[in-house]
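Data block below; observations after.
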Amino acid sequence: MILILGGTAEARALAGALDAAGIRVVSSLAGRVADPRLPRGELRVGGFGGPDALARWLRERAVTAVVDATHPFAERISASAARACPAAGVPLLRLERPPWRERPGDRWHRVPDLPAAAALVPALGDRVLLTTGRQGLGAFAHLAETWFLVRCVDPPAPPLPPRHELVLSRGPYTLAGERARIDRHAIDLVVTKDSGGSLTAAKLDAARERGLPVIVVERPPRPAVETVTTVDAALAWARGHAG
């Protein structure tokens with residue numbers, strides 16, 4: 001049995017390919033999204049309770065391999081898997097989409113975390129498209145003079161910036177749609193995490209067209225595990241460890 005630590009489009013694609021090949025696959029979702037897109041195959045929802053509990057879960061269910069295909073900013077589960085898999089004697093692969101790369105015309109400002117992004121906002125813009133997800137928005141709550149268009153999938157918990165409009169939506173987004181959103185709200189700054197992938201990249205293209213600065217929160221460090229960047233590569237690896 002293959003365990004996929006999922007929640008991403010890549011995880012769903014991998015689960016579908018393994019299920020179509022007749023390989024038993026279980027996808028584990030954190031349960032933080034109210035209405036997630038569900039993968040094919042078996043499903044479990046919720047945390048494991050730490051690396052020791054995850055190692056025990058892997059042994060009890062005779063898991064033959066684990067693919068960590070979680071979001072690039074899902075630090076805790078990746079760290080847990082990096083400890084649990086060696087303890088259980090189970091091979092681990094990280095499937096991570098490549099980060100975004102700057103293109104000619106981009107005005108990116110890379111920062112290490114959300115507090116650093118918030119500290120830079122007043123120097124770069126007054127009306128901000130904030131697309132860092134619903135967790136961690138409290139880092140921007142003290143910016144009383146800045147107006148934010150906060151976009152996330154599910155409703156965020158307070159605190160939030162005092163001057164904001166909330167948009168609940170899920171990608172993929174189009175260039176035309178992002179361009180229109182920037183123009184309609186007179187956005188002069190975009191703040192995002194470096195999630196990578198094509199589903200939400202249109203905001204970067206629209207910002208480039210409009211000459212807007214973009215604050216990009218860099219990915220956190222990852223455990224040193226074998227890593228691939230494509231579903232095909234992960235599929236080949238998983239098939240070889242399917243038992």
Side-chain angles (χ1 to χ4, degrees), residues 7-9 32-35 70-76 96-221:
T8 60
R32 295 193 180 100
V33 177
D35 185 24
T70 55
H71 191 275
F73 285 81
E75 298 178 71
R76 185 178 300 178
E96 182 168 290
R97 68 182 74 129
W100 288 316
R101 298 299 182 192
E102 290 180 67
R103 295 170 54 185
D106 283 329
R107 297 174 56 198
W108 288 9
H109 302 261
R110 292 188 177 273
V111 295
D113 52 34
L114 291 175
L120 191 55
V121 163
L124 295 178
D126 297 311
R127 297 181 62 83
V128 181
L129 173 59
L130 182 59
T131 64
T132 56
R134 67 188 177 95
Q135 296 180 325
L137 292 176
F140 302 88
H142 66 287
L143 298 176
E145 302 302 317
T146 307
W147 183 87
F148 291 89
L149 181 63
V150 179
R151 184 169 71 191
C152 46
V153 176
D154 291 322
L160 296 173
R163 300 179 62 226
H164 77 272
E165 179 178 330
L166 181 62
V167 176
L168 300 181
S169 66
R170 192 199 311 257
Y173 299 104
T174 66
L175 175 57
E178 296 291 67
R179 187 191 297 123
R181 184 170 291 107
I182 285 173
D183 293 346
R184 182 167 62 252
H185 295 282
I187 297 297
D188 58 11
L189 173 64
V190 176
V191 180
T192 183
K193 290 179 176 178
D194 188 2
S195 301
S198 61
L199 294 182
T200 62
K203 63 191 170 190
L204 302 175
D205 298 328
R208 186 185 312 110
E209 283 191 1
R210 294 298 187 254
L212 304 185
V214 180
I215 298 176
V216 180
V217 180
E218 295 183 325
R219 297 178 178 187

*Please examine the side chains of P161 and T146, heavy atoms only from C-beta on, and report whether any two atoms are closer than 4.5 Å.*
no
*asked:* Let me confirm one number: the CG-CZ distance from L160 to R134, rounded to the nearest 0.5 Å.
replied: 11.5 Å
*Mind listing the closest non-hydrogen atom pair of A207 and I182 along with its distance?*
N-CD1, 4.1 Å
*How close do P162 and A141 get, heavy atom to heavy atom, and via which atoms?*
CD-O, 3.3 Å
*Can you see which heavy atom on R219 is nearest to which on P98, and at what distance?*
NH2-O, 3.3 Å
*asked:* Give me each pair satisfying ring-ring contact (aromatic ring centres under 6.0 Å, His included) with a member in residues 112-139, each pair once, sequence neighbours excluded.
replied: none
*Go through the steps for Q135 and C152 under the test side-chain contact (heavy atoms from CB on, under 4.5 Å), then give the verdict.*
CA-CA 9 Å; Q135 296 180 325; C152 46; over 6 Å; no
*Just how far is it from atom OG of S198 to atom CH2 of W100, taken to the nearest 0.5 Å?*
10.0 Å
_Using the ring-ring contact (aromatic ring centres under 6.0 Å, His included) criterion, which residues pair with F73? Sequence neighbours excluded._
H71
*First locate atom CG of L189, then atom CD1 of I215, and finally report the distance between them rounded to the nearest 0.5 Å.*
4.5 Å
_Please list all pairs meeting salt bridge (charged side-chain N to carboxylate O under 4.0 Å, His left out) that have one or both residues in residues 140-153, counting only residues at least two apart or in different chains._
R151-E178
*Let me see the working for L130 and H164 under side-chain contact (heavy atoms from CB on, under 4.5 Å), right down to the final yes or no.*
CA-CA 10 Å; L130 182 59; H164 77 272; over 6 Å; no
_On a heavy-atom basis, which atom in P72 and which in S195 lie closest, and how many Å separate them?_
CG-O, 3.5 Å
_Do R107 and L124 have side chains that approach each other closer than 4.5 Å (heavy atoms only, starting at C-beta)?_
no
*Scan for ring-ring contact (aromatic ring centres under 6.0 Å, His included) pairs involving residues 189-216, sequence neighbours excluded, and state none if there are none.*
none
*Nearest 0.5 Å, what's the CG-CH2 distance between L212 and W108?*
13.5 Å
_Closest contact, heavy atoms only, I187 versus V128_ = CD1-C, 3.8 Å
_Measuring from atom CZ of F140 to atom OG1 of T132, what distance do you get when rounded to the nearest 0.5 angstrom?_
5.0 Å
*Would you sort out whether T200 and T131 count as a side-chain contact (heavy atoms from CB on, under 4.5 Å), showing the intermediate values?*
CA-CA 9 Å; T200 62; T131 64; over 6 Å; no
_H109 side, atom NE2; L120 side, atom CG - distance, nearest 0.5 Å_ = 6.5 Å
*asked:* By the side chain to side chain donor-acceptor pair (under 3.5 Å) test, which pairs, at least two apart or in different chains, include something from residues 182-191?
replied: D183-R210
*Does any pair with a residue in residues 193-208 pass salt bridge (charged side-chain N to carboxylate O under 4.0 Å, His left out), and if so which ones, sequence neighbours excluded?*
R103-D205, D106-R208, R110-D194, D205-R208
*Any idea which heavy atoms bring L143 and A118 closest together, and the distance?*
CD1-O, 3.7 Å
